[in-house]
Amino acid sequence: MIENPSRCYRATDLDEYMMESRLKVNADLFNGRQVQMSLLMHSLQSVFLSGSRPLITTISGYPGTGKSTLASQIKKPLLDRDGFFIEGKFHQTACPDTVLSTALNNFFGSLIENGSILSERLTSLRWRIHDAIGSGNSLLMDAMPNLRKLMAEETSTTQTSSDRSHAMPCTSHRLKFMFCNLIGAIPCKVNPLVLFLDDLQWADEITLDVMQMIFNDPEVNHFLLLGAYRDDEVSPSHPLTKTLNDIKRHGTHAVTISIGPLEKECVNTLVSEALHLPPSLSRPLSNVIHAKTGGIILFLLRFLKSLNDEGLLWFSLSSRRWEFDLKKIRIKQISPDVVQHMTLNMTRLDKGMQVGLRTAACLGSNFNAVMLQKAKEVDEYDMDLFLGTCEEDGYLIRIDGSMQFAWAHDQVQQAAYELIPSDKRESFHLLLGSRLLMKSSSDELSNMLFCVVDNMNRGIKLIVSDDQKVELASLNLRAAETAMSFSAFHSASRYLMTGLSLLQHDPWEKNYSLTLRLYNAVSEALYVTGDFSRLTSLVEKPLQFARCFEDKLNIYYYLVRSYAASGQLEEGIATCFRVLAQLGEVVPSTTNLEFLHSETARMKEMMDGLSDDQLLSLPVVTNASKMAVLHFLNHLLCQTYFVKPELFPILSFHMIDLSIKYGVCNFTPFAIAVYGAFLVGAMSDNEGGYRMGRVAMELMKRMNAIEIIPRLYIIIYSMINIWKEPFQASLNKHLEAFDIGAHRGDVST
């Protein structure tokens, strides 16, 4: 029996959905958030009016309470006043260390698309970015191809092979610094920036550190960081809590917005608008809905939809209005959890829809139709019908009219994933990943590589064939190399460790090349992420089983650098001496005054006998073994300065000898500068030292060895030129050295 109040309403104008008695509810309905909206707009206004310091506003609440919807309300007033809006979303199962770079890359892509409209703003933005990160910054350009496109319109970013071969290795600190500089360069007084990061409870360490660095940078202004997170998943010991507390501790005013369930009256307003009923008539239904859903907006909307699907809420063509069976709705049993509720409703769909939902849930937070087509069997379901129904029912959202789709909410995706029986999930993931792999060309695989590998890795326990394990190990290596090109080194290390775990039976005999490549790559990834203890233990096997010493050099390279970065200079020095001995280079590990005097006399006689032109016209080293020797001598030279300073000049002499005999490399100018500093400090030969400083500078320019500028300038302008020029004259050079060192990753000087 239908209760009378729902029959006392005027007729409603019909549309297609009403004709078919289908309820269409706007997922972005925004009710009962006036206080929170006021706080949010106040934060935005503060950025426009003062902007002298970066601001932070956080939105916290339970899943499905409308945090993202509230945050999106800031976008229109911001863009209307020429502001910039960047948004990124973390996911529980996706790579968190790609979120920031992806968000920035999408932002730069949108600027390029609207370049004709934003031409004046883009010109100014390009200059700010250029000043902040420099030109030819491959670290950021590789991670964000759209940034390269944006800057290429005005800035040449050509790199020589020397740049790429001898560039300072990336470190996590350098990566954070560059992200901070880039983000800080985007906003200005007339174009403030709001960076919205959703689901911060799953944020990675680098993103959290970048957040903190931004608020410690006095150069960043007209910037608002807007973050949303689930407060039931963020404990006092959570990394996000620590980051937010540290930001506040440094004097940043933080606005905290808490979102809870909707009040009864707000739920009634929402139901009234959805059903085109006056509030007095919708209240009996809304009270029941509020009691059953707790006022959680996502739960509420899905519950309304389920009532319509089950025939408890329908549109009457005779009365031309929505009607409902309140008695049956009152006694309807539902799960108190929104995910379980949605999963139960999904089980009532036809088999094809359920298969499609299970498949799509494993493809990630967003996917394209091509990927879905390859993941399904031919006759499992009609893909066009499936996508159309999911879009209509509010499970999926089509992105900008393309064939790219995103889940309406991560809990909707989770509900679809729950359709897969827990004991069948590993096999389902493996089957899905294998289908995508077999049906994709090489180019197509590049676009869905992470999805393929992630799915196959989740079914790794079911793989018994050695050939299949080797194939998956190779795919993990490929995924890791791609992740590293995006500067996602934490994700890369996980792929590489998975790849290594697959090669358990005599890998050095059966799959030598693949095994060596995995160890080389994981050494780099662990060094960059600062996991030095794991790196130290992991390199034992390649150092033991590599077939030749040359195959061990890359491992030794990162091992030596990890020793230096972790303060284990003695171990680093000892390792360098062992490597040089294996390369056949006899380098003294101790010295005395007699030996130092004889070597100094020999070196001075040799260098005095060579003109500047002769030194500057020396060929570039081509012998790979001698290049490796010079590489490790450079490490040794930098580390002995702090531990065994008596070897400092001897090692520079050795590097100069090799450079004259076999050819120069990017490290030769530094060795020559060290020799010049020794002439000034130990021999009181100011003119000779000044000459060596000039030669080192010219040779650095000839080699385009920009990465050695920080340490080169320290030697020349702090130890040599100071005896001929006022110290004040070198201040700009020291600032330049610091800036380049920060950009290039050489912060040890």
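What you are looking at is a predicted structure, and each value in this text was computed from that prediction instead of being measured.
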**Request:** Take D142 and S485 through the side chain to side chain donor-acceptor pair (under 3.5 Å) test and state the conclusion after the steps.
**Result:** CA-CA 6 Å; D142 290 344; S485 72; over 6 Å; no

**Request:** Report the C-alpha separation of R128 and S124 in whole Å, then their side-chain angles, then the decisive distance to 0.1 Å, and conclude whether the side chain to side chain donor-acceptor pair (under 3.5 Å) test is met.
**Result:** CA-CA 6 Å; R128 294 198 301 274; S124 174; 2.8 Å; yes

**Request:** Please step through side-chain contact (heavy atoms from CB on, under 4.5 Å) for the pair R302 and N345, ending with a clear verdict.
**Result:** CA-CA 9 Å; R302 299 313 310 177; N345 286 328; 5.6 Å; no

**Request:** Please assess S335 against Q340 for the test side chain to side chain donor-acceptor pair (under 3.5 Å), listing each intermediate value before the final yes or no.
**Result:** CA-CA 6 Å; S335 167; Q340 294 178 13; 2.8 Å; yes

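A salt bridge links K89 with D410: at least one charged nitrogen is closer than 4.0 Å to a carboxylate oxygen. The pair D82-R121 meets the salt-bridge criterion, with a side-chain N (NZ, NE, NH1 or NH2) lying under 4.0 Å from an Asp/Glu carboxylate O. The residues K305 and D393 are annotated as salt-bridged, a charged nitrogen and a carboxylate oxygen being separated by less than 4.0 angstrom.
Not a single ring pair (Phe, Tyr, Trp, His ring centres under 6.0 Å) links F90 to another residue, sequence neighbours left out. Qualifying side chain to side chain donor-acceptor pair (under 3.5 Å) partners for N268, counting only residues two or more places apart in sequence or in other chains: S282, S286. H42 pairs by the side chain to side chain contact (heavy atoms under 4.5 Å, CB included) definition with S46, not counting sequence neighbours. Every residue two or more places apart in sequence or in another chain that forms a salt bridge (charged side-chain N to carboxylate O under 4.0 Å, His left out) with K332 is listed here: E310. N366 is linked by a side chain to side chain donor-acceptor pair (under 3.5 Å) to Q404, counting only residues two or more places apart in sequence or in another chain. Here R81 pairs with nothing under the salt bridge (charged side-chain N to carboxylate O under 4.0 Å, His left out) rule; sequence neighbours left out. For M213, the side chain to side chain contact (heavy atoms under 4.5 Å, CB included) partners at least two apart in sequence or on another chain are K176, F177, C180. Remark: T65 engages no residue in a side chain to side chain donor-acceptor pair (under 3.5 Å) (not counting sequence neighbours). For the ring pair (Phe, Tyr, Trp, His ring centres under 6.0 Å) test, no residue two or more places apart in sequence or in another chain qualifies with F179. K292 meets the side chain to side chain donor-acceptor pair (under 3.5 Å) test with no other residue; sequence neighbours excluded. Residues satisfying the salt bridge (charged side-chain N to carboxylate O under 4.0 Å, His left out) criterion with K75, sequence neighbours excluded, are E87.
A donor-acceptor contact shorter than 3.5 Å is absent between the side chain of D400 and the backbone of S402. Judged by distance alone, with hydrogens and angles left aside, the side-chain atoms of N455 form a donor-acceptor pair with the main-chain N or O of C451 at under 3.5 Å. With hydrogens and angles disregarded, no donor-acceptor distance shorter than 3.5 Å links the side chain of N191 to the backbone of P187. Looking only at distances, no side-chain donor or acceptor of D199 sits under 3.5 Å from a matching main-chain atom of H91.
Atom CG in N216 sits 13.0 Å away from atom CD in E219 (nearest 0.5 Å). Atoms CG and OH, from L357 and Y381 in turn, are 9.0 Å apart once rounded to the nearest 0.5 Å. I59 CD1 to L40 CG: the interatomic distance, rounded to the nearest 0.5 Å, is 5.5 Å. Note: R348 CZ to L344 CG = 4.5 Å, rounded to the nearest 0.5 Å. With values rounded to the nearest 0.5 angstrom, L285 atom CG is found 6.5 Å from L313 atom CG. Atom CG in L226 sits 8.5 Å away from atom CG in L195 (nearest 0.5 Å).
Side-chain polar atoms of D204 and T207 form a donor-acceptor pair below 3.5 angstrom. If you check the side chains of S319 and E323, you find a donor sitting under 3.5 Å from an acceptor. Residues D337 and H341 bring no donor and acceptor atom of their side chains to less than 3.5 Å of each other.
Y417 OH: more than 12 foreign heavy atoms inside a 6.0 Å radius. Within 6.0 Å of atom NE2 in H253, 12 or fewer heavy atoms from other residues, nucleotides or ligands are found, so the atom counts as exposed in its surroundings.
By the 30° and 60° cut-offs, the orientation of the rings of F315 relative to W322 is perpendicular.
Evaluation of the salt bridge (Lys or Arg N to Asp or Glu O under 4.0 Å) test over residues 235-246, restricted to residues two or more places apart or in two chains, returns K242-D246, D246-R249.
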